[in-house]
Amino acid sequence: MRVLSYNIHKGIGGRDRRYRLERTVEVISSLNPDFVCLQEVDRDVKRSRHDDQPQILTELLGVADSFFQLNVKLKSGGYGNLILSRWPIVTRHSVSLRMWLKKPRGAQVVCVETPEGRLQLVNWHLGLAEFERTWQAKKLLNHSLFQENAELPTLVIGDTNDWRNSLRRGAFADHGFEHITHPISKFRTFPAWLPMGSLDKAFGRGITIHEAKPVRTSLSHSASDHLPLVIDFSLTKSRLVSD
């Protein structure tokens, strides 16, 4: 199975600053993912022509199921996270990760019925401060909505803003997660035109990784300010859950 994580920057190019959602669609469709975890997806915002991006992306990419989480509200519309899935989403939850007066942040926690069994998938976008991200990781991993399917194979993925690579320690290590996007020298995704920071990260438990890499093409270098992250994986046999 293949998952793609991508901060699409509202469909606005990282260098040319032009709104071209069709570039985003082309990047994603060329990779043929089974799951798409997007951050910074606009809905009814002036800068993106008041497009309903969750609906447009769902329709153009031809997925079986989708789930949008609005995190940041603007004068008109707002933006947030979007999960697209080739297979049915069995349960879906939005978890607020906003810390006090900080910018609203959130995580999507879903359970998907895949051909290999059920998978718990988390798509999130974390804060800019290290203490904020540490708090957000602990809140997610201890949250009741995350814990209700904690026995399932689990993948946590998204834009972490983790320049210092500190998330792999602490809560994730305590909960038995593998840091998939390591070493960071191989997973630099920001800024897209000259990647220096490994901000788009993935953590897994109960899954087997076959390949993980940033997507470096001429189009992905221009379509957003982040490069996409693609991971090919399967559910670890010993943790498959049958009905």
Side-chain angles (χ1 to χ4, degrees), residues 3-31 33 35-54 56-57 60-61 68-74 77-84 97 102-108 123-130 132-133 136 156-167 181 184-202 212-231:
V3 60
L4 178 148
S5 177
Y6 196 11
N7 183 327
I8 67 169
H9 198 227
K10 303 96 176 174
I12 298 171
R15 299 196 77 175
D16 62 25
R17 307 298 296 176
R18 294 181 179 179
Y19 175 57
R20 297 287 188 272
L21 191 60
E22 61 271 19
R23 293 188 294 196
T24 304
V25 173
E26 185 176 346
V27 170
I28 297 171
S29 61
S30 69
L31 296 166
F35 310 102
V36 180
C37 296
L38 304 179
Q39 306 87 42
E40 294 195 14
V41 179
D42 269 358
R43 186 171 65 185
D44 190 28
V45 181
K46 181 179 179 181
R47 66 188 167 211
S48 50
R49 304 173 190 164
H50 296 281
D51 283 347
D52 186 339
Q53 291 185 349
I56 292 171
L57 291 166
L60 292 181
L61 292 169
F68 178 62
Q69 177 190 42
L70 178 65
N71 290 321
V72 181
K73 295 180 180 180
L74 305 174
Y79 64 96
N81 302 325
L82 176 66
I83 291 179
L84 306 174
L97 298 178
K102 292 284 188 179
K103 185 177 183 177
R105 303 284 182 174
Q108 297 175 284
N123 176 33
W124 64 353
H125 190 183
L126 302 187
L128 299 178
E130 185 170 348
E132 180 185 8
R133 295 189 295 270
Q136 289 167 332
V156 181
I157 197 166
D159 180 0
T160 66
N161 279 310
D162 183 17
W163 283 92
R164 293 170 57 85
N165 198 35
S166 60
L167 282 177
T181 45
I184 59 173
S185 59
K186 295 183 178 180
F187 292 95
R188 294 191 173 107
T189 54
F190 181 85
W193 56 91
L194 187 63
M196 295 185 293
S198 175
L199 304 190
D200 301 275
K201 298 183 187 296
K213 62 182 180 181
V215 178
R216 299 184 176 96
T217 66
S218 58
L219 187 58
S220 70
H221 280 291
S222 61
S224 173
D225 61 347
H226 283 246
L227 293 176
L229 171 68
V230 167
I231 297 173

Run the side-chain contact (heavy atoms from CB on, under 4.5 Å) test on Ile12 and Tyr19 for me, step by step, so that the C-alpha distance in whole Å, both residues' side-chain angles and the decisive distance to 0.1 Å come before the verdict.
CA-CA 4 Å; Ile12 298 171; Tyr19 175 57; 4.2 Å; yes
Polar side-chain atom of [X] near backbone of [Y] as donor-acceptor pair, under 3.5 Å:
X      : Y      : result
Arg20  : Gly11  : no
Gln136 : Leu97  : yes
Asn161 : Leu126 : yes
Arg43  : Gly78  : no

Under the criterion side-chain contact (heavy atoms from CB on, under 4.5 Å), I'd like the reasoning laid out for Tyr6 against Thr24: C-alpha separation, chi angles, the key distance, then a yes or no.
CA-CA 9 Å; Tyr6 196 11; Thr24 304; 4.3 Å; yes
For Asp42, run the side-chain hydrogen bond (donor to acceptor under 3.5 Å, both in side chains) check against Arg49, Arg47, His50, Lys10 and tell me which one passes.
Arg47
Nearest 0.5 Å, please: how far is [atom2] in [Y] from [atom1] in [X]?
X      : Y      : atom1 : atom2 : result
Ser224 : Trp193 : OG    : CH2   : 9.0 Å
Asp162 : Leu167 : CG    : CG    : 4.0 Å
Cys37  : Asp159 : SG    : CG    : 12.5 Å
Thr160 : Leu199 : OG1   : CG    : 6.0 Å
Asn165 : Phe187 : CG    : CZ    : 11.0 Å
Ser198 : Phe190 : OG    : CZ    : 12.5 Å

Would you call [X] and [Y] a side-chain contact if the rule is heavy atoms closer than 4.5 Å?
X      : Y      : answer
Gln39  : Ser5   : yes
Thr181 : Thr189 : no
Tyr79  : His125 : no
Ser48  : Leu21  : no
Leu61  : Ser29  : yes
Arg105 : Asn71  : no
Val41  : Pro54  : yes
Lys201 : Ile184 : yes

Tell me the closest heavy-atom pair linking [X] and [Y], and the distance in Å.
X      : Y      : value
Glu132 : Lys102 : OE2-CB, 3.5 Å
His9   : Arg17  : CE1-NH1, 3.0 Å
Val72  : Pro104 : CG2-O, 3.8 Å
Ile8   : Glu40  : CG1-O, 3.4 Å
Ser220 : Ala192 : O-CB, 3.9 Å
Val27  : Pro228 : CG1-CG, 3.7 Å

Do other residues, nucleotides or ligands put more than 12 heavy atoms under 6.0 Å from the CZ atom of Arg15?
no
I would like to know whether Leu227 and Val215 meet side-chain contact (heavy atoms from CB on, under 4.5 Å); could you show each step before the answer?
CA-CA 6 Å; Leu227 293 176; Val215 178; 5.9 Å; no
Hydrogens and angles aside, do Asp200 and His226 bring a side-chain donor and acceptor to less than 3.5 Å of each other?
yes
Is it true that the side chains of Asn81 and Gln69 contain a donor and an acceptor less than 3.5 Å apart?
yes
Which residues pass the salt bridge (Lys or Arg N to Asp or Glu O under 4.0 Å) test with Glu26, sequence neighbours left out?
none
Trace of the side-chain contact (heavy atoms from CB on, under 4.5 Å) decision for Asp44 with Asp52:
CA-CA 6 Å; Asp44 190 28; Asp52 186 339; over 6 Å; no
